[in-house]
Amino acid sequence: MNDRPAGAAGIGRAGAGARPVRTGADLTASTAVRYALVPVPRLSLAAVALRSGLHPDLIRRFVALGLVDADRDAAGRLVFDPTAPAVLARIQRLRTGLCLNYASIGLVLDLLDRISLLEAALRGRGTRSDTPPWT
């Protein structure tokens, strides 16, 4: 059983690295996967290394450690989101500024992401005030 609509097997896909886009209806009503019609720009390993100023082997190690998200294209090469150089800069700042090892950097990145999600949820609900709640 194919979840895609008839005739849409290859439409809108940017190759094997296309990411499915899930909408609210997809998450609640069915398990159908929709593909973005506009290809998402992806960066090669060489482009990320050039923009971040890091050696490609170090970036591969970060991918292996799970610090940076990467996918593989049809040829098996690593491709990255356009935000990867910013993530790598954040990793380098944590490494040099706080003298953390790479295992603890992963933990710190996870905690920082959770904090930003919680702050965004608070901002969305409008419950955060300028004064701290303990005063």
Side-chain angles (χ1 to χ4, degrees):
M1 177 176 214
N2 192 357
D3 290 335
R4 280 186 243 148
I11 297 174
R13 292 185 66 180
R19 290 183 173 232
V21 177
R22 295 196 183 272
T23 61
D26 290 340
L27 295 175
T28 58
S30 69
T31 59
V33 176
R34 294 184 182 190
Y35 290 91
L37 295 177
V38 178
V40 178
R42 308 292 280 170
L43 297 175
S44 67
L45 178 62
V48 171
L50 184 66
R51 290 182 186 186
S52 64
L54 298 175
H55 196 274
D57 289 339
L58 183 59
I59 297 172
R60 282 189 196 99
R61 179 163 298 201
F62 289 159
V63 170
L65 291 171
L67 298 176
V68 180
D69 292 331
D71 293 324
R72 299 243 178 219
D73 62 1
R77 295 180 299 253
L78 289 174
V79 290
F80 298 87
D81 287 331
T83 60
V87 172
L88 290 168
R90 190 178 198 187
I91 291 169
Q92 289 301 102
R93 282 193 309 269
L94 287 171
R95 174 94 169 134
T96 58
L98 299 177
C99 298
L100 298 174
N101 62 14
Y102 292 127
S104 60
I105 287 175
L107 177 65
V108 170
L109 288 175
D110 287 342
L111 291 173
L112 290 173
D113 289 341
R114 286 183 185 187
I115 289 170
S116 61
L117 286 173
L118 290 171
E119 287 177 343
L122 284 175
R123 266 186 253 114
R125 289 188 3 211
T127 58
R128 184 173 175 131
S129 65
D130 291 333
T131 59
W134 59 84
T135 58

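Residues: numbered from 1 along the sequence shown. Everything quoted here is computed from the prediction, not taken from an experiment.
- A 4.5 Å side-chain heavy-atom check between R42 and D81 finds at least one atom pair inside the cut-off.
- The side-chain contact (heavy atoms from CB on, under 4.5 Å) test with V48 singles out one residue from L54, L78, L43, V79, and that residue is L43.
- Rounded to the nearest 0.5 angstrom, D110 CG and L67 CG are separated by 9.0 Å.
- Annotation: side-chain hydrogen bond (donor to acceptor under 3.5 Å, both in side chains) contacts of S104 (sequence neighbours excluded): N101.
- L112 and L98 fall within the same hydrophobic cluster, defined by Ile, Leu, Val, Met, Phe, Trp and Tyr side-chain heavy atoms under 4.5 Å apart, directly or through other members.
- Qualifying ring pair (Phe, Tyr, Trp, His ring centres under 6.0 Å) partners for F80, counting only residues two or more places apart in sequence or in other chains: none.
- Listed by chain and residue number, nothing satisfies the side-chain contact (heavy atoms from CB on, under 4.5 Å) test with L117 (two or more places apart in sequence, or in another chain).
- Looking at residues two or more places apart in sequence or on another chain, you find a side-chain contact (heavy atoms from CB on, under 4.5 Å) between A75 and D73, R77.
- Across every non-hydrogen atom of I59 and S52, the tightest pair is CD1-OG, 3.9 Å.
- Applying the salt bridge (Lys or Arg N to Asp or Glu O under 4.0 Å) definition to pairs two or more places apart or across chains, those involving residues 86-106 are R90-D113.
- Here the closest non-hydrogen pair linking A49 and P56 is CB-CG, 3.9 Å.
- Between L109 and L94, some side-chain heavy-atom pair lies under the 4.5 Å cut-off.
- Following chains of ILVMFWY side-chain contacts shorter than 4.5 Å, one can reach L100 starting from L58, so the two form part of one hydrophobic cluster.
- Evaluation of the salt bridge (Lys or Arg N to Asp or Glu O under 4.0 Å) test over residues 57-67, restricted to residues two or more places apart or in two chains, returns D57-R60.
- With contacts defined as side-chain heavy-atom distances shorter than 4.5 Å, the pair F62/V87 does not qualify.
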